[in-house]
Amino acid sequence: MTVHDLVKERDAGALGKNLARRFRVVHGYEADESEQRSWRNSLPALADVLVEVGLGNVEMLIEYSVPLSSYRVDALLSGVHPVTGEPSYVAVELKQWTKARPVPDAEDLVLVDGMGNAARLHPVAQVRRYCDHIADFTKSLHGYEHRISGAAYLHNATDQGVDQLFAFASDAYGQLFTGSSKEKFQKLLAERLAPTAAVWAADALRPEHVAPSKKLMDVAAQGIAERGQFNLLNEQGVAYALVMRAVKKATNADFKEVIVITGGPGSGKSVIALELLGELYRNGSSALHATGSKAFTTTLQEATAPDDARVKKLFRYFYEFSRVEKNSFDVLLCDEAHRIRDPRIPPKFRDRQRRQVEELLDAARVPVFLLDEHQVVRPGEMGAVDAIDEAARAMNLPVRHVHLGGQFRCGGSRAYEEWVLRLLGLSSGGPLPWQGDEHFTVQVADTPQEFEAVLRSRHDDGEQARMTAGFCWPWSKPVKDADNVVGLVDDISLPEWGWARPWNVQSDRSVGGYPSKNLWATDPAGFSQVGCIYTAQGFEYDWNGVILGPDLVWRNGAWDADRQASKDTVVAGASQQEFAYLIRNTYKVLLTRGMRGTVLFSTDRETREMLRALVTGL
């Protein structure tokens, strides 16, 4: 809508209602009351600023979706440059704050009066990241990044009320203005936007028209190359070659092909994905890596480009492709594809919503799915090769399959992987005695103290060791002690043995010297916390400890899955049959994280005795 249109709706008292209706149509769900209140309070303040300088005909894209993300810009002003006549855009982040100050030693974070102690991103940093991301992923801006600029407008504040926020460096992608510096804001807007209407400029910025820029791919190619290359063996090389062959065919003709790569833990799925990324970028092909796990994605970003925020953008999440134009990319690498969601779409939205697997199939010329069907751990995770095949056939797409028979996790021990599958009833035949393997060690601890001591000895010797557990205990937020020091709660409490430890940090930021949830598996400081399925999945470490909780116990020669013992409300809410399957998959994932050995402990005596009998024969 134009600025004039917004003013008319405001004056008629219909702005909030009309915006809520449009939001529901575009996004498929209702905007909450706080968001609607923000529209009513902030958008008119911006509109008045524009009208006062004759910019009422400028297009205002409200709640503009940042490409390939769940974030939205409050308002993206779209028009033409008053001098060059080029398309020109100003992203505006609106805040109702009156007073705010920087967080000490963290200039990009602020504390806002009246909003508690929760730190918020500096609005200039926020809008700058939006502009940078839009420029990197919007086709019409590739090579024309100067056409977009950004501003944060704190319309209820004065310069004096937020004076310390001005110390944060500004540039074309981010500048700060308040109600008392409104004239400066208007000067910027008049320099960037002409008073004429230009709907065509807004159309060129539709968020569906996305792809990584050539500049971004060049940077990524260099970053991944510097990481070093893996030697792809046997079926890994076959999978790599099939993808590159499909890309070549798609480049030379109107061709599309789906590649499905399956394999157990540590079979090299992610290695193949990273090698493909590097080669594709070096060849100038557009490609993205996507997963359903924030922890896994963050670790890949850190491993590939620890100091380059731009390269990190090429690692995305499955849910970010819902509005992508068909075949926007040459290749989409869907790693850990067993985590693809298969939600139940409400009937009223089925005419314009697709299943997640269909969105991913549509997004690229060569969609690649890398998965392990035995790692589905939550209701709604699709995780099946058959489901991908069925969706591809419905779209008339050919599918090629590669199964990775190699085993690089668990010390390369096929015996251990099969032992775990048989133990948990995920393959037929029932539990087997552990016969031993020179490449892998399995131990059963009688107490949690013994369990931790074995792992700590490995950790102290410089090897990577981690403790994990089934989700059978609450997960508390950090607390402050009497000295105001923030710490974690010892939620995993086993009073029978006088032992307790905390879960890993819940947030994306470190807490009291403990690493963030995304780095728990790789930061040496992660040893003293216990990881759960959501932080362990996708990773490996030398020595792996697993606490089997009361959600899965051995009774009368079979596993008994107890939903009441689970603190994972999503999984516990599944049917008994589904819960029993998901919980066994959960422990399968936890049991196959180790590269050199696994230490087992069950809180249940009968289960512990069964495990000891299998491992030691006693």
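Any value given below was found using the heavy atoms of this structure, including those in side chains, with hydrogens, waters and symmetry copies removed.
- No donor-acceptor distance shorter than 3.5 angstrom exists from the side chain of Gln529 to the backbone of Val505, with no hydrogens or angles considered.
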Check the pair Leu548, Thr603 against side-chain contact (heavy atoms from CB on, under 4.5 Å), reporting the backbone distance first and the verdict last.
CA-CA 6 Å; Leu548 283 78; Thr603 60; over 6 Å; no
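- Note that the CG atom of Leu423 and the CD atom of Glu418 stand 11.0 Å from one another [nearest 0.5 Å].
- If you check the side chains of Asp568 and Tyr534, you find a donor sitting under 3.5 Å from an acceptor.
- A distance of 11.0 Å separates CD in Glu320 from CZ in Phe318, rounded to the nearest 0.5 Å.
- Thr535 places no side-chain N or O within donor-acceptor distance of the main-chain N or O of Gly531, the cut-off being under 3.5 Å.
- Annotation: side chain of Ile388 is in contact with side chain of Leu371 (closest heavy-atom distance under 4.5 Å).
- Ion pair Glu609/Arg612 not flagged as a salt bridge, since none of the NZ, NE, NH1 or NH2 atoms sits closer than 4.0 Å to an Asp/Glu carboxylate oxygen.
- To the nearest 0.5 Å, atom CG of residue Leu288 and atom CG of residue Leu360 are 11.0 Å apart.
- A donor-acceptor contact shorter than 3.5 Å is absent between the side chain of Arg458 and the backbone of Asp542.
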Let's go through Asp551 and Arg584 carefully: what are the C-alpha distance in whole Å and the side-chain angles of both, what is the deciding distance for salt bridge (Lys or Arg N to Asp or Glu O under 4.0 Å) to 0.1 Å, and is it a yes or a no?
CA-CA 10 Å; Asp551 56 352; Arg584 286 181 293 139; over 6 Å; no
Take Phe471 and Trp503 through the side-chain contact (heavy atoms from CB on, under 4.5 Å) test and state the conclusion after the steps.
CA-CA 10 Å; Phe471 208 151; Trp503 288 114; 4.1 Å; yes
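- To the nearest 0.5 Å, atoms CG (Asp491) and CZ (Arg501) are separated by 13.0 Å.
- With hydrogens and angles disregarded, a donor-acceptor distance shorter than 3.5 Å links the side chain of Arg563 to the backbone of Ala574.
- Side-chain contact between Trp520 and Thr468: present, with at least one pair of heavy atoms (C-beta onward) separated by less than 4.5 Å.
- Heavy-atom contacts from other residues, nucleotides or ligands closer than 6.0 Å to CZ of Arg605 number 12 or fewer.
- Side chain of Gln464 to main chain of Tyr541: no donor-acceptor pair is present (N/O by atom type, distance under 3.5 Å, no hydrogens or angles).
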Can you list the steps and then say if Leu109 with Arg509 is a side-chain contact (heavy atoms from CB on, under 4.5 Å)?
CA-CA 12 Å; Leu109 297 178; Arg509 292 182 175 271; 3.4 Å; yes
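- Relative orientation of the His459 and Phe527 rings is parallel, given thresholds of 30° and 60° on the angle between their planes.
- In summary, Asp461 and Arg456 do not engage in a salt bridge, as defined by a charged side-chain N under 4.0 Å from a carboxylate O.
- Using cut-offs of 30° and 60° on the angle between ring planes, the pair Trp419 and Tyr416 is parallel.
- When the shell of 6.0 Å around CD of Gln576 is examined, it contains more than 12 heavy atoms from other residues, nucleotides or ligands.
- The closest donor-acceptor contact from the side chain of Thr616 to the backbone of Ala613 lies at 3.5 Å or more, if one exists at all.
- Applying the ring-ring contact (aromatic ring centres under 6.0 Å, His included) definition to pairs two or more places apart or across chains, those involving residues 559-615 are Trp497-Phe601, Trp554-Trp559.
- Separating the CD1 atom in Ile547 from the CE atom in Met467 is a distance of 7.0 Å, to the nearest 0.5 Å.
- A side-chain donor-acceptor contact under 3.5 Å links Asp389 and His401.
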Under the side-chain contact (heavy atoms from CB on, under 4.5 Å) criterion, do Leu277 and Val331 qualify, and how do the steps go?
CA-CA 9 Å; Leu277 271 183; Val331 180; over 6 Å; no
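- The CG atom of Leu361 lies 8.0 Å from the CD1 atom of Ile340; values are rounded to the nearest 0.5 Å.
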